[in-house]
Amino acid sequence: GRWSFNLQIYFLQHRFSGHIEMSQGSTGVIQDRTIYEDVEIFARNLYEMKFMSQRDWDTYRDLFNNMIGFLKKPDLIIYLQAKTDVLISRIQNRNRAFEKKIDAEYLHRLNLTYDKWISGISNIPVLVINTNEFNIYKDSEKLENIFQQIEFKLREREK
């Protein structure tokens, strides 16, 4: 339990530093994973699986809530949604050594936690894209449609 907390604090601090660095730049940024996911998905999951104590979880959340006061909110969160079995087959196809040991049940838990988090976001625009039947290398028409949806969401935000 102790190591879960220490590791999550390390990741949180690392992500926070990266966020600060990005916000000091003059260009737009696309981030693959955000500081929000560290908290709402990975740390929360550890807490719910009893790998982090209530006290550590409260401390972690308090620290995060203080940190986000210094961060610029994303203009848009794009959630690439897929069923767990689709994720598992994609992981198997990628054949990355470090992903070989990912437990299907753990992945399913993360997927449910993502869905719950995304559906609860109210202060940041969200675009949910179902990717179950989407192949980025073959479906150029679908990809173009996604680009249009992103542009529309960003323009909507500017109004």
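Sequence positions, counted from 1, serve as the residue numbers for this chain. Hydrogens, waters and symmetry mates play no part in the numbers below; they use all other heavy atoms, side chains included.
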- [ ] Count the heavy atoms belonging to other residues, nucleotides or ligands that lie under 6.0 Å from CD1 of I121, then report whether that count exceeds 12.
- [x] yes

TODO: Work out which heavy atom in M67 is nearest to a heavy atom in Q13; give both atom names and the distance.
DONE: CE-CA, 4.3 Å

TODO: Flag yes if I124 and I35 sit in one hydrophobic cluster, no otherwise; membership is Ile, Leu, Val, Met, Phe, Trp, Tyr, and two members link when side-chain heavy atoms are under 4.5 Å apart.
DONE: yes

Open item on the list: Under 3.5 Å, is there a donor on one side chain and an acceptor on the other for Y47 and Q54?
Closed with: yes

TODO: Treating Ile, Leu, Val, Met, Phe, Trp and Tyr as nodes and any side-chain heavy-atom pair under 4.5 angstrom as an edge, say whether M52 and W117 lie in one connected cluster.
DONE: yes

- [ ] Specify the closest pair of heavy atoms between V126 and I118, including all atoms of both residues, with the distance to one decimal.
- [x] CG1-CG2, 3.9 Å

Task: R55, CZ atom: more than 12 neighbouring heavy atoms under 6.0 Å - done: no

- [ ] Begin with the C-alpha distance, continue with both residues' side-chain angles, and end with the deciding distance and a verdict on salt bridge (charged side-chain N to carboxylate O under 4.0 Å, His left out) for K83 and E133.
- [x] CA-CA 10 Å; K83 293 187 293 199; E133 306 295 325; 5.7 Å; no

Open item on the list: Is it the case that over 12 heavy atoms from other parts of the model lie below 6.0 angstrom from the CD atom of E156?
Closed with: yes

TODO: Verify whether one side chain among N145 and E141 offers a donor that lies under 3.5 Å from an acceptor in the other.
DONE: no

Open item on the list: I'd like to know whether V39 forms a side chain to side chain contact (heavy atoms under 4.5 Å, CB included) with R61, so could you lay out the CA-CA distance, the side-chain angles of the two residues, the decisive distance to 0.1 Å, and finally the verdict.
Closed with: CA-CA 7 Å; V39 180; R61 296 273 313 193; 4.1 Å; yes

Task: Polar side chain donor-acceptor pair, S89 to Q92, under 3.5 angstrom - done: no

Open item on the list: Please check if the number of heavy atoms outside N123 that lie under 6.0 Å from its CG is greater than 12.
Closed with: yes

TODO: Answer yes if Y106 and V86 sit in the same cluster of Ile, Leu, Val, Met, Phe, Trp and Tyr residues linked by side chain heavy atoms under 4.5 Å apart, and no otherwise.
DONE: no

Open item on the list: For K72 and M22: C-alpha separation, side-chain torsions, deciding distance, then whether side chain to side chain contact (heavy atoms under 4.5 Å, CB included) applies.
Closed with: CA-CA 10 Å; K72 181 183 181 292; M22 284 185 299; over 6 Å; no

Open item on the list: Just checking E21: does its CD atom have more than 12 heavy atoms from other residues, nucleotides or ligands closer to it than 6.0 angstrom?
Closed with: no

- [ ] Report yes or no: do Y114 and Q81 form a side-chain donor-acceptor pair below 3.5 Å?
- [x] no

TODO: Kindly check if the number of other-residue, nucleotide or ligand heavy atoms within 6.0 Å of NZ (K101) is above 12?
DONE: no

Task: Hydrophobic cluster identity match, Y36 and W57, side-chain contacts under 4.5 Å - done: yes

TODO: Check the hydrophobic clustering (I, L, V, M, F, W, Y; side-chain heavy atoms under 4.5 Å; chains of links allowed) and say if F11 and F51 are grouped together.
DONE: no

